[in-house]
**Student:** 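This is the structure, below, for whatever I ask next.
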There are 2 protein chains.
Amino acid sequence: MLKNKKVTAMDVARLAGVSQSSVSRAFSENSSISSKKKKLILEAAEQLGYQPNAIARGLITNQSRIIGIVMRNIQNPFYPEVLDKFYSTLAEKGYKVMFINSQNNEIQEDEVSHLIEYSVEGAIITDALLTSSTVQKFTRNGISVVLFNRYVNDSLSSAVVCDNFAAGKRIGHYLIEKGHENLAFISGPMNTSTTVDRKNGFREALAEHGISSFLTENGLYSYEGGFAAAEKLLKRDKRIDALFCANDISAFGAMDYLKKQGIRIPEDLSIVGFDNVAMSDWSSYELTTWHQPIDEMVNDSISLLLEHINGDIDAPEIQRVEGHLVERGSVKDRRKGFS
Amino acid sequence: MLKNKKVTAMDVARLAGVSQSSVSRAFSENSSISSKKKKLILEAAEQLGYQPNAIARGLITNQSRIIGIVMRNIQNPFYPEVLDKFYSTLAEKGYKVMFINSQNNEIQEDEVSHLIEYSVEGAIITDALLTSSTVQKFTRNGISVVLFNRYVNDSLSSAVVCDNFAAGKRIGHYLIEKGHENLAFISGPMNTSTTVDRKNGFREALAEHGISSFLTENGLYSYEGGFAAAEKLLKRDKRIDALFCANDISAFGAMDYLKKQGIRIPEDLSIVGFDNVAMSDWSSYELTTWHQPIDEMVNDSISLLLEHINGDIDAPEIQRVEGHLVERGSVKDRRKGFS
DNA sequence: TTTATTTTTGAATACGTATGCAAAAATTGA
DNA sequence: TCAATTTTTGCATACGTATTCAAAAATAAA
């Protein structure tokens, strides 16, 4: 409850001796207001502690200046970095962030309703998907959406993703070119486009070297999952000499399993991750990994979203961004003449 | 821009053959509306895809149903866990989250303005402080605030903190009781109440054992900082046999430095952290650490905030929550008869 | 059936702001 | 100085909803 009555533009108007509409103009850009009057108004506002009410403004302009960020897996270190970057870039552009922590692979109806209810101007959805009915709901309510790091092949939603297929393929080639022969894959959940594309690229690379199959275990994109997946894989086949993990945090789990088993990295077994989170550079891991260019992906996502919001583009589009390999200490060069 | 005209309660009213106020009543609890009419209205709303407008509602009720969360150090794994918990508990209570990523030790004027502008009902400020002028600004605008994990001794702001002094003291006793004699401390920024209290508690414990001083280096609450601080400490005094790090992530950095130097943990040097983030349990670290009860702290913070919001309490209060030690593998029992 | 009481409902209004429109004021040019 | 033109400003209004108040409708009791 208010201890003090809320200060409004009407109060400022009275003190400054002008109208409420003049006060509004003093706080707007591109408004016609004399500098003398503007100065008086701003001084009165300062004295009264006036703060324009974004809710009232949003009602009349239909511009909430709010972007919704729907995020999953906030405890995967990749996503705090993504959130950090999204926040700072949106703040630069004058947007506020409504944060929605999601739990499911597909954004839920109530999450959609919340975003609509608050008239967010756009939404970034990270690591989750939209059904066609939620796409329609957003569209009908004039809310632009961009998927981050995931996409759906239904031509309904814009997305910015790392080129996961090319990355998986490049990693496959890299490991084989470094002399590995018995490769395995630790995936994420198999219903995610990130895992499917990384695995397919990896498969294609191996096929090009005459390797028609490889073992896969689901590491659930988590430390514990990677740990368990490594254990399963090594029980299935002790000849495995390289692991490609579909994300870094499951790679860390796999590495810790290997270390616990006395299997030396990279002497006995090489491992590659995906994401290049800060921890990949920590000396306990020194993980060779695929760098996802978060800054570029975030910038592209926001540019795409703002183009949709401003009506500059209408048709959905998927932008693929290329990452690059970061070689650290977790891959051995097994070719003859190297050690 | 809207492709379709926004559906409002007026549209639903026309389709259902009732008034706009009846539509509003159908979507409210504790309103007088016949069940027959309510059913008709809800069906019409479903058919039209009507979504009540929270912005309009907020304007008239002066209840935005938004809580601001101002967070720093989102990339410290402690804070994503905190955010996760805050989000789910607030969502259960029907609140939306406006997220503000902060960079400074003290919340900034523009951050305060953003929260006021959007009429957030309350704000949780994690790992940052308020000046007395920002406290006044919040108060004048009817916004309740609770500090999380930090507090100011000015009696102006409510806070929920771990009892850092008691924890630091307990850790000091623990290390000494385990036979360590040359202890050092890796702090966070010295202007943070968390570091000051943890250090003071540690100091008191050591004083009670006749140890009047110990070396300190600032680990900046970061991995890199912990790594560098460990290096500096070990250069200053090679006899150090235990490190108390003011948070886990700087402990991980310190541990990686020690490993790189071939200093075995805990055989050669014991280390204790603070927070008990998930990585503390990873087999590469197995860090003995002080567990901060995030669930309890978050629940208490939200309870306290809601009591302020509802006017049930007015005076600021500081609630201290106790954590507990989690013993893993990074502390050696150095007493005679143990090995 | 009529009167009294209770419940439901719609009309009117307010919330605080932005903006269209026209009047007032200021400026410019003859 | 006056007329023409431009700029500034205030009035009125709308944005979409919740709620007060009073009328209408429904229900209960005589």
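In what follows, chains carry the letters A, B, and so on, assigned in the order in which the sequence lines appear, proteins first and then strands, with residues in each chain numbered from 1.
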**Student:** Have a look at B:Asp127 and tell me which of B:Thr194, B:Asn149, B:Asn76, B:Asn73 forms a side chain to side chain donor-acceptor pair (under 3.5 Å) with it.
**Tutor:** B:Asn73
**Student:** Whole angstrom is fine here: how far is it from NZ in B:Lys36 over to C1' in D:dA26?
**Tutor:** 12 Å
**Student:** Show the nearest heavy-atom pair for residues B:Ile116 and A:Gln51, with the distance to one decimal.
**Tutor:** CG2-CG, 3.4 Å
**Student:** Is there any protein nitrogen or oxygen under 3.5 Å from a nitrogen or oxygen in nucleotides 20-27 of chain C, and what are the pairs?
**Tutor:**
residue	atom	partner	partner atom	Å
C:dG20	O6	A:Arg25	NH2	3.3

**Student:** Rounded to whole angstrom units, what separation is found between the CD1 atom of A:Ile41 and the P atom of C:dA18?
**Tutor:** 12 Å
**Student:** Could you give the side-chain donor-acceptor pairs of residues 38-46 of chain A under 3.5 Å, partners two or more places apart or in another chain?
**Tutor:**
residue	atom	partner	partner atom	Å
A:Lys39	NZ	A:Glu43	OE2	3.0

**Student:** Expressed as a whole number of angstroms, how long is the span from A:Ile55:CD1 to D:dA18:C1'?
**Tutor:**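 My rounded result for the distance is 14 Å.
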**Student:** Could you check whether A:Val18 gets within reach of a base, just the sugar-phosphate, or nothing at all, counting any heavy atom under 4.0 Å?
**Tutor:**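 Counting heavy atoms under 4.0 Å across all strands, the contact made by A:Val18 is with sugar-phosphate only.
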**Student:** Quick one: B:Gln63 CD to D:dT19 C1', roughly how many Å, whole number?
**Tutor:**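 After rounding, the reported distance stands at 13 Å.
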**Student:** Taking any heavy-atom pair under 4.0 Å as a contact, classify B:Ile33: base, sugar-phosphate, or nothing.
**Tutor:**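 The residue B:Ile33 makes sugar-phosphate contact but no base contact.
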**Student:** Does OP1 or OP2 of C:dT8 have a side-chain N or O of B:Lys37 closer than 4.0 Å?
**Tutor:**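 So the side-chain polar atoms of B:Lys37 never come under 4.0 Å of the phosphate oxygens OP1 or OP2 of C:dT8.
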**Student:** Does a donor on one side chain sit under 3.5 Å from an acceptor on the other, for B:Glu111 and B:Ser102?
**Tutor:**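 On atom types as modelled, these side chains qualify, holding a pair under 3.5 Å.
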**Student:** Rounded to whole Å, please give me the gap between CG in B:Leu40 and P in C:dT8.
**Tutor:** 15 Å
**Student:** From OH of B:Tyr118 over to P of C:dT17, roughly how many Å is that when rounded to an integer?
**Tutor:**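 Computing the B:Tyr118:OH to C:dT17:P distance gives 13 Å.
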**Student:** Looking only at the side chains, is there a donor atom on one of B:Ser24 and B:Ser21 sitting less than 3.5 Å from an acceptor on the other?
**Tutor:** no
**Student:** Can B:Arg72 be said to sit on top of B:Tyr221's aromatic six-ring, NZ or CZ under 6.0 Å from centre and within 45° of the ring axis?
**Tutor:** no
**Student:** Does NZ or CZ of A:Arg65 fall inside the cone over B:Tyr118's six-membered ring, less than 6.0 Å from its centre and within 45° of the axis?
**Tutor:**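 No, A:Arg65 and B:Tyr118 do not form such a contact.
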**Student:** Please enumerate all protein N or O atoms sitting under 3.5 Å from an N or O of nucleotides 14-17 of chain D, with distances to 0.1 Å.
**Tutor:**
residue	atom	partner	partner atom	Å
D:dT17	OP1	B:Tyr50	OH	2.9
D:dT17	OP1	B:Asn53	N	3.1
D:dT17	OP2	B:Ala9	N	2.7

**Student:** When you check the phosphate oxygens OP1 and OP2 of C:dT8, does a side-chain N or O of B:Ser32 lie under 4.0 Å from one of them?
**Tutor:**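 The answer is yes; a side-chain N or O of B:Ser32 sits under 4.0 Å from OP1 or OP2.
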**Student:** Would you say B:Ser34 places a side-chain N or O within less than 4.0 Å of OP1 or OP2 belonging to C:dT9?
**Tutor:**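 Answer is yes, contact under 4.0 Å.
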